[in-house]
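First the structure, in the form of structure tokens, and then the observations on it.
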Amino acid sequence: MKRYLIISLSVVVLLCFSACHSADSRVDGLKNFVEEIRKESQGYTSEQWEKANERFNRLLDEIKSYDDLTKEELEELGKVQGQYAATVLQNCGEVLFEQLEETGVALDSLEVGVEKGLVESQEYE
């Protein structure tokens, strides 16, 4: 009798471990990808970032397709998304700020051009 109890408990423990492991693995793939990107993404080109973003979105969509995500999985998913966003911002920040500065210069030039055009149009009236 004691032997059957031990075997039954062992089976239950294995089933619980298996269920917990499969639930964790749904988020683990995304976590592993984000960790890989965090380690290797310095110096990525825009094409490499585009591919990384596509893969991130595919993995994210796959996880979100599960209807039975636990609160813990959703929290972990939020953390992983935040880590990815921080990594992208950290590694693309310089390029982003340069583009914003260029856009700012273009907007300043546009504003000067509009003002000049308005002044000139008033002179013709």
Side-chain angles (χ1 to χ4, degrees):
M1 184 72 164
K2 193 174 187 180
R3 177 194 264 176
Y4 292 114
L5 182 61
I6 291 173
I7 291 172
S8 297
L9 286 174
S10 298
V11 169
V12 169
V13 168
L14 285 173
L15 288 174
C16 288
F17 177 74
S18 175
C20 292
H21 180 69
S22 64
D24 287 343
S25 67
R26 296 190 294 189
V27 180
D28 284 346
L30 186 64
K31 284 172 53 174
N32 292 339
F33 172 73
V34 170
E35 189 60 35
E36 178 185 317
I37 292 296
R38 290 176 72 185
K39 290 178 181 176
E40 300 175 2
S41 63
Q42 286 186 337
Y44 264 23
T45 64
S46 60
E47 184 178 296
Q48 288 171 307
W49 275 115
E50 187 175 323
K51 288 179 182 179
N53 289 336
E54 287 173 5
R55 182 166 176 213
F56 177 81
N57 286 325
R58 275 195 313 270
L59 291 168
L60 188 60
D61 288 343
E62 181 181 329
I63 292 169
K64 287 183 175 181
S65 71
Y66 297 116
D67 294 332
D68 62 341
L69 291 172
T70 65
K71 180 181 176 185
E72 291 80 17
E73 287 175 316
L74 291 171
E75 288 173 354
E76 188 67 27
L77 187 59
K79 289 177 188 176
V80 172
Q81 287 177 294
Q83 289 172 343
Y84 186 75
T87 301
V88 170
L89 183 59
Q90 196 173 35
N91 291 297
C92 294
E94 289 181 25
V95 174
L96 179 63
F97 289 125
E98 287 173 8
Q99 289 176 349
L100 287 174
E101 286 177 358
E102 289 173 9
T103 303
V105 170
L107 290 176
D108 289 343
S109 300
L110 178 65
E111 183 181 358
V112 169
V114 169
E115 287 177 6
K116 184 177 179 183
L118 289 174
V119 168
E120 288 176 355
S121 67
Q122 287 178 352
E123 290 175 358
Y124 290 119
E125 291 179 356

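Taken to the nearest 0.5 Å, the CD atom of Gln83 stands 9.0 Å off from the NZ atom of Lys79. In this structure, CD in Gln90 is found 6.5 Å from OG1 in Thr87, a value given to the nearest 0.5 Å. Remark: Glu40 CD to Asn91 CG distance equals 11.5 Å, nearest 0.5 Å.
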Given side-chain contact (heavy atoms from CB on, under 4.5 Å), test Leu30 with Glu62 step by step and report yes or no.
-> CA-CA 10 Å; Leu30 186 64; Glu62 181 181 329; over 6 Å; no

In sequence, state the C-alpha distance, the side-chain angles, and the governing distance for Glu72 and Val27, and then conclude on side-chain contact (heavy atoms from CB on, under 4.5 Å).
-> CA-CA 10 Å; Glu72 291 80 17; Val27 180; over 6 Å; no

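For residues 57-78, no pair satisfies ring pair (Phe, Tyr, Trp, His ring centres under 6.0 Å), with sequence neighbours left out.
Thr70 places a side-chain N or O within 3.5 Å of a backbone atom of Glu73 that can act as its donor or acceptor partner.
Side-chain atoms of Arg58 and Asp61, non-hydrogen and from C-beta on, never get closer than 4.5 Å to each other. At least one side-chain heavy atom of Val88 sits under 4.5 Å from a side-chain heavy atom of Asn53. With contacts defined as side-chain heavy-atom distances shorter than 4.5 Å, the pair Tyr44/Ile37 qualifies.
Aromatic ring pairs are classed by plane angle as parallel below 30°, tilted from 30° to 60° and perpendicular above 60°; the pair Tyr84 and Trp49 is perpendicular.
Around CD of Glu54, the count of heavy atoms belonging to other residues, nucleotides or ligands within 6.0 Å exceeds 12.
In plain terms, the two heavy atoms of Arg26 and Asp68 that are nearest each other are NH1-OD1, 2.7 Å.
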